[in-house]
Amino acid sequence: LRDHVFQLARQRKSVRKYSDENVNMDDLYYAIRTALEAPSGANRQPWRFILVRDEYTKRRIRDTCEYWERRFHGSTTLPKWFADWLRSRGITWRKSFLTEAPVLIAVAADTTAPYWKESTWLSIGYLLLALEERGLASLTYTPTNPRAVAELLGIPRNYSLECIIPVGKAAEDKVKEARRGLEKTVYIDLWGRPALSLEEGKADSS
Ligand SMILES: Cc1cc2nc3c(=O)[nH]c(=O)nc-3n(C[C@H](O)[C@H](O)[C@H](O)COP(=O)(O)O)c2cc1C
């Protein structure tokens, strides 16, 4: 299917409100199998995934995250542009998606592997697109105090909890956040040299 990956990437957006409809475990494993195909430094495959479905565990994760988020959102060192951005999107210390989504995927990375962070986030990128393909909404939520959540899940000290991904059916519909176009992000041969116009880009790829 031509443009398939592009179409998935284009329609995919972060979802912060979930219905309680269950997710099909086959779809979940399909997405994880896709993530396992990502490249990684020295092929060490530093990623690990914990699928959290247990209501009690989700509740404890939410409580822990919200405790630290309250401090973060109340912090006076938060840059103004960031505080404004959060407010305009209605993002507060409340993380209801952590109990509302039927499944959370906690992603941990082996910090003894080379390029463990880059590699793990690449696999997360693969995961998000595969979830989208199966009609599943997601969010890369990065907790304020990842170690507190890692301890709760029994993650060893040499692993870093990189994010928690709620997965489920979207219970909100919003316009996708705008992206900067090709002409503002791609240079040719030299930094700052005007890139292809979008039209030329299209002509090139056909
Ligand atoms: C590394 C990373 C960390 C993020 N952390 C959070 C987070 O902690 N909470 C949150 O609500 N969204 C988080 N996001 C989601 C971004 O806010 C979102 O991707 C961005 O605003 C673009 O919106 P879209 O994904 O809907 O296109 C994170 C995204 C990335 C890539």
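We count ligands from 1, going down the list as the structure has it; atoms in each ligand are counted the same way.
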Point to revise | Polar side-chain atom of Thr185 near backbone of Gly181 as donor-acceptor pair, under 3.5 Å | key: yes
Check your understanding: Which part of Arg89 is near ligand 1, with near meaning a heavy atom under 4.0 Å away: side chain, backbone, both or neither?
Key -> neither
Point to revise | Nearest neighbour in protein (non-hydrogen) for atom 18 (C) of ligand 1 | key: Ser14 OG, 3.5 Å
Review point. Numbering the atoms of ligand 1 from 1, which are under 4.0 Å from a heavy atom of Trp121?
Key: 1 (C)
Review point. Looking at atom 23 (O) of ligand 1, what's its closest protein heavy atom, distance included?
Key: Glu177 CG, 3.3 Å
Exercise for review: Find all atoms of ligand 1 within a distance of less than 4.0 Å from any non-hydrogen atom belonging to Arg12, and give their numbers and elements.
Suggested key: 25 (O)
Check your understanding: Is the closest N or O pair between Lys13 and ligand 1 shorter than 3.5 Å?
Key -> no
Review point. Within 45 degrees of the axis of the six-membered ring of Tyr159 and under 6.0 Å from its centre: does Arg48 put its NZ or CZ there?
Key: no
Exercise for review: Decide side chain to side chain donor-acceptor pair (under 3.5 Å) for Glu162 and Ser160; before the verdict, give the C-alpha distance in whole Å, the side-chain angles of both, and the deciding distance to 0.1 Å.
Suggested key: CA-CA 6 Å; Glu162 291 296 298; Ser160 162; 2.5 Å; yes
**Study point:** With Ile105, the side chain to side chain contact (heavy atoms under 4.5 Å, CB included) member among Leu51, Ile164, Thr140, Ile50
**Key:** Leu51
Point to revise | Nearest non-hydrogen protein atom, atom 11 (O) of ligand 1 | key: Arg16 NE, 2.6 Å
Check your understanding: Below 4.5 Å, heavy atoms only, C-beta onward: do Lys13 and Glu177 meet side chain to side chain?
Key -> no
Check your understanding: Hey, does the side chain of Lys95 reach the backbone of Thr92 with a donor-acceptor pair shorter than 3.5 angstrom?
Key -> yes
Point to revise | Residue selection (non-hydrogen contact nearest atom 8 (O) of ligand 1) among Ile124, Thr144, Thr142, Leu86 | key: Thr142
Study note, to complete from the structure: At under 4.0 Å between heavy atoms, what of Trp85 touches ligand 1? The answer is side chain
